[in-house]
Amino acid sequence: MFMGSKLTIVLTGFMGSGKSAVGKSLAHKLQIPFHDLDQEIEKGEQTSISEIFKKGSESYFRTLEFTYLKQFLALPPIVLSLGGGTVQHESVFETIEQNAILVYLKVSEKQLIKRLQYDNKRPMLYDEKGRLLESNKLKERIQSLLAQREPYYQRAAVTVTVDPRWSVAETTNEVIRKLKQYAPAAITSDY
């Protein structure tokens with residue numbers, strides 16, 4: 001079954017929401033390339049996101065992230081997965097809005113805590129001494145970051161509330177269903 005997209009599809013949502021896994025699945029179904037912005041930054045900078053945070057600052061990282069984002073939005077239609085904090089700046093949000101369909105993968109706070117409690121690859125989940133946050137502090141950090149980011153996430157053209165029982169394939173199917181409702185001419189398929 002052929003599926004395609006006439007527009008770039010950008011996935012946003014909190015860290016651990018499944019953007020990369022769903023992005024790969026979505027790109028496969030639509031038969032267009034997939035890119036994970038964080039992975040592309042790491043490849044381009046030849047270092048990890050954690051190291052970029054350590055050497056610079058979050059502000060430095062966000063500037064770098066925006067530069068890479070603009071490069072990928074200039075490509076022919078792709079599926080692009082963003083970092084959890086990418087859209088929290090107005091200029092970034094407006095750039096995405098002008099060049100792509102923004103899809104928010106919304107996952108409950110409870111599910112995010114469950115998914116992230118042992119994740120040691122996310123710089124925002126460490127304390128000032130470089131240690132992974134313990135459960136109460138992790139919950140507080142997730143709540144704080146969600147409060148900052150949710151107003152931006154909610155501005156996405158399409159929101160998919162992810163059921164914790166769904167597989168990646170089921171979540172992908174729901175993204176496609178919602179995209180077809182939002183922009184029927186942008187998604188072509190026999191789906």
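No hydrogens, no waters, no symmetry mates; every other heavy atom, side chains included, goes into these values. The residues of the chain are indexed from 1 along the displayed sequence.
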| remark: In short, K19 meets S81 closest at the heavy-atom pair CB-OG, 3.4 Å
| remark: Minimal heavy-atom distance between A147 and P151, with the atoms involved, is O-CD, 3.4 Å
| Do I49 and I41 have side-chain heavy atoms sitting under 4.5 Å apart? | yes
| task | Test side chain to side chain contact (heavy atoms under 4.5 Å, CB included) on K137 and E140 and set out the steps. | result | CA-CA 5 Å; K137 294 288 184 187; E140 289 173 14; 3.9 Å; yes
| field | Validation row: L80, L69 side chains within 4.5 angstrom (heavy atoms) | value | yes
| Between T172 and V168, is there a donor-acceptor pair closer than 3.5 Å when you use the side chain of the first and the backbone of the second? | yes
Expected list for residues 91-101: side-chain donor-acceptor pairs under 3.5 angstrom, two or more places apart:
unit_1	atom_1	unit_2	atom_2	d
T95	OG1	S91	O	2.8
N99	ND2	T95	O	2.7

| note | Taken to the nearest 0.5 Å, the spacing of L146 CG from R141 CZ works out to 12.5 Å
| message | Checking V10 against F72 for the side chain to side chain contact (heavy atoms under 4.5 Å, CB included) test, could you report, in this order, the C-alpha distance in whole Å, the side-chain angles of both residues, the deciding distance, and whether it holds? | response | CA-CA 10 Å; V10 176; F72 282 93; over 6 Å; no
| note | Rounded to the nearest 0.5 angstrom, the CG-NE2 distance for L82 and H35 is 13.0 Å
| task | Please round to the nearest 0.5 Å and tell me the distance separating atom CD of E45 and atom CD1 of I52. | result | 5.5 Å
Identify each donor-acceptor pair in which a side-chain atom of residues 102-110 lies under 3.5 Å from a protein atom, sequence neighbours left out, and give them as a table.
unit_1	atom_1	unit_2	atom_2	d
Y104	OH	E150	OE1	2.8
Y104	OH	E150	OE2	3.2
K106	NZ	E150	OE2	3.4
S108	OG	Q111	N	3.1
E109	OE2	Q143	NE2	2.8

| task | Using a 4.5 Å cut-off on heavy atoms from C-beta on, say whether the side chain of V79 contacts that of K24. | result | no
| Sequence-distant partners of Q39, side chain to side chain contact (heavy atoms under 4.5 Å, CB included), two or more places apart | D36
| note | In short, E40 meets Y68 closest at the heavy-atom pair O-CE2, 3.7 Å
| task | Report yes if the side chains of R177 and V160 come closer than 4.5 Å at any heavy-atom pair, otherwise no. | result | no
| query | Between Y152 and G85, is there a donor-acceptor pair closer than 3.5 Å when you use the side chain of the first and the backbone of the second? | reply | no
| field | Separation of S20 OG from F34 CZ (nearest 0.5 Å) | value | 4.5 Å
| field | Minimum heavy-atom distance between E170 and R165, given as atom pair plus value | value | OE1-O, 3.8 Å
| message | Is there a side-chain contact between Q154 and T159 in this structure, where contact means two heavy atoms from C-beta onward sitting under 4.5 Å apart? | response | no
| K178, NZ: over 12 other non-hydrogen atoms inside 6.0 angstrom | yes
| Inter-residue atom distance Q46.CD - E51.CD, 0.5 Å rounding | 14.0 Å
| Hey, what do you get for CD (Q148) to OH (Y153), rounding to the nearest 0.5 Å? | 10.0 Å
| task | Mark yes or no for whether Q88, through its side chain, and R149, through its backbone, hold a donor-acceptor pair below 3.5 Å. | result | no
| field | From CA spacing to verdict: side chain to side chain contact (heavy atoms under 4.5 Å, CB included), W166, V22 | value | CA-CA 11 Å; W166 286 351; V22 172; over 6 Å; no
| Passes side chain to side chain contact (heavy atoms under 4.5 Å, CB included), F66 versus H89? Steps please. | CA-CA 10 Å; F66 190 36; H89 301 283; over 6 Å; no
| Heavy-atom pair with the smallest gap, counting every atom of M15 and L145 | CE-CD1, 3.9 Å
